[in-house]
Every structure is written in C-alpha cells, then in structure tokens.
Amino acid sequence: SSLKTDADEDAPELARAINNKNVQNNLRDGLPFPYTQADANQYIDEMLRADPNATFSFAITADGKVVGSIGAFRQGNIHFKTAEMGYYIAEPFWAMGIGTSAVEQICRHIFENTDISYQEEHKEHSTASQARLQLMMQFIHLNYSQSISLDDIAEQAMVSKSTALN
C-alpha cells in the first residue's frame with residue numbers, strides 16, 4: 001500500500017469505503033451516515049485548502065485503488081509539536097497490513113519533514129489487532145530515531161513477525 005495526496009477524483013472510492021457501519025463504528029462520532037460522495041468531496045476540499053504545516057492528509061491506496069484515508073492534524077497552543085492521527089480502511093481490506101503500512105508512512109513523512117515530535121492516535125480499539133497496532137505505533141514513535149527491526153516491533157506487540165506485517 002502507499003499514500004497519495006488527496007484528489008477530487010478519489011471521492012467515489014472514499015465515500016464507498018466509509019459508508020459502512022463497521023468502518024464508522026471504529027471512528028469518532030459525528031460522521032454522516034449514509035456517507036455520500038458529496039461528503040467525500042467536501043472532506044477532500046477541506047483537506048486541500050488546509051494549512052500544509054498543520055494538516056497532513058493522504059488517500060491510502062492498494063493495488064492502484066483508493067481504499068481509505070489517513071490524516072495527522074497539528075495540535076494547538078502548548079501541544080503544537082504534537083499531532084492527532086486518524087485513519088480508516090475499507091472493510092474488504094482489513095487485516096492485510098494496509099493500516100500498519102499507512103501509519104508507518106505518515107509517521108516517517110511527518111517526523112522527517114516537520115518539527116512534530118509526537119502523534120496521538122484517537123481510535124477506539126474494537127479488535128485485538130487494532131490494539132496491537134496501537135502498541136506497535138507507540139513503540140515506533142518512542143524508538144524512531146534508533147535502528148529498530150520488525151522483530152523489535154513484533155516483540156513489543158507480543159505477536160509474530162508475520163502478524164506484525166498484517
């Protein structure tokens with residue numbers, strides 16, 4: 001999987017991905033349901049107009065298809081060197097390592113290109129795999145400047161290497 005800059009043509013695929021109660025049950029309240037292409041167009045427009053030093057938003061792709069979205073949003077005041085991160089993946093693409101890959105990619109982008117030094121993920125953990133992903137993200141964040149391996153990440157989350165990739 002890879003990240004790409006949000007684009008208007010992504011709206012139909014983003015709307016299909018998030019117009020799913022199972023996906024929305026893992027996100028913050030307040031999203032419309034049904035989630036329409038007009039909602040996706042509005043979101044993309046807001047992300048494209050946002051301050052590029054405060055909002056980092058990308059479409060998540062797999063096999064050339066948009067399958068979700070990920071964003072990190074700089075916090076204000078004394079927390080200006082932190083960002084809140086959120087993402088979603090279309091349900092047919094769950095448990096394929098796409099979320100893990102997207103989180104790694106956005107973290108790398110932000111830590112290498114900004115002064116943000118910490119990201120918070122606000123996400124309900126309705127599954128054990130989501131909780132393991134949070135553990136892996138925290139470990140990567142705390143050890144980002146060091147040489148860490150997949151073995152290290154898997155050990156921290158108490159899973160096998162193959163599970164850490166999925």
Side-chain angles (χ1 to χ4, degrees), residues 1-44 46-47 55-73 83-111 118-144 148-166:
S1 67
S2 63
L3 304 184
K4 73 179 209 67
T5 303
D6 291 316
D8 290 329
E9 62 267 14
D10 299 335
E13 290 174 313
L14 288 176
R16 272 192 298 279
I18 200 168
N19 190 39
N20 175 317
K21 275 295 190 187
N22 291 330
V23 171
Q24 286 205 8
N25 286 341
N26 289 295
L27 301 174
R28 287 184 171 215
D29 294 341
L31 290 169
F33 190 83
Y35 193 92
T36 66
Q37 184 172 334
D39 296 319
N41 282 330
Q42 180 180 355
Y43 170 78
I44 292 168
E46 289 174 11
M47 295 302 100
T55 299
F56 312 91
S57 179
F58 299 94
I60 302 169
T61 65
D63 298 324
K65 179 179 179 179
V66 173
V67 299
S69 181
I70 189 166
F73 308 93
E84 177 182 346
M85 180 175 39
Y87 67 93
Y88 65 89
I89 307 289
E91 188 173 14
F93 297 89
W94 288 2
M96 298 173 76
I98 294 171
T100 302
S101 176
V103 168
E104 289 172 350
Q105 290 175 65
I106 199 170
C107 287
R108 186 176 324 113
H109 171 79
I110 289 170
F111 294 148
Y118 182 74
Q119 291 189 36
E120 292 184 43
E121 179 195 25
H122 287 278
K123 189 169 187 317
E124 296 295 323
H125 298 297
S126 62
T127 67
S129 65
Q130 291 169 343
R132 286 192 302 269
L133 180 58
Q134 176 67 27
L135 285 173
M136 289 186 287
M137 286 174 45
Q138 288 171 343
F139 179 75
I140 291 167
H141 164 73
L142 294 173
N143 298 281
Y144 184 77
I148 56 176
S149 69
L150 181 59
D151 288 325
D152 298 329
I153 296 167
E155 181 180 330
Q156 181 65 27
M158 298 173 280
V159 297
S160 68
K161 281 181 16 179
S162 62
T163 299
L165 287 172
N166 291 318

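For reference, positions follow the sequence shown, starting with 1.
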* To do: Output all residues satisfying salt bridge (Lys or Arg N to Asp or Glu O under 4.0 Å) with Asp10, sequence neighbours left out; order by chain, then residue number.
  => Lys4

Just verifying a value: how many Å separate [X] [atom1] and [Y] [atom2], rounded to the nearest 0.5 Å?
| X | Y | atom1 | atom2 | result |
| --- | --- | --- | --- | --- |
| Asp6 | Ser57 | CG | OG | 3.5 Å |
| Tyr88 | Ser69 | OH | OG | 4.5 Å |
| Ile110 | Gln105 | CD1 | CD | 12.0 Å |
| Cys107 | Ile70 | SG | CD1 | 7.5 Å |
| Met85 | Phe56 | CE | CZ | 12.5 Å |

I'd like to know if the side chain of [X] and the backbone of [Y] have a donor-acceptor N/O pair within less than 3.5 Å.
| X | Y | answer |
| --- | --- | --- |
| Gln24 | Ile18 | yes |
| Asn19 | Pro34 | no |
| Gln42 | Ala38 | no |
| Asn20 | Asn22 | yes |
| Glu84 | Phe73 | no |
| Thr61 | Gly64 | no |
| Asp39 | Tyr35 | no |

Looking only at heavy atoms, what is the nearest atom pair of [X] and [Y], with distance?
| X | Y | value |
| --- | --- | --- |
| Ile60 | Ala102 | CD1-CB, 3.8 Å |
| Ile98 | Ile89 | CG2-CD1, 3.6 Å |
| Ala11 | Gln37 | CB-CG, 3.9 Å |
| Gly68 | Leu14 | O-CD2, 3.3 Å |

* Asked: Within a strict 4.5 Å, meaning less than it, do heavy atoms of the Ser1 and Phe93 side chains meet?
  -> no

* Is there a side-chain contact between Met47 and Phe58, using heavy atoms and a 4.5 Å cut-off? -> no

* Would you say the side chains of Thr100 and Glu104 form a donor-acceptor pair under 3.5 Å? -> no

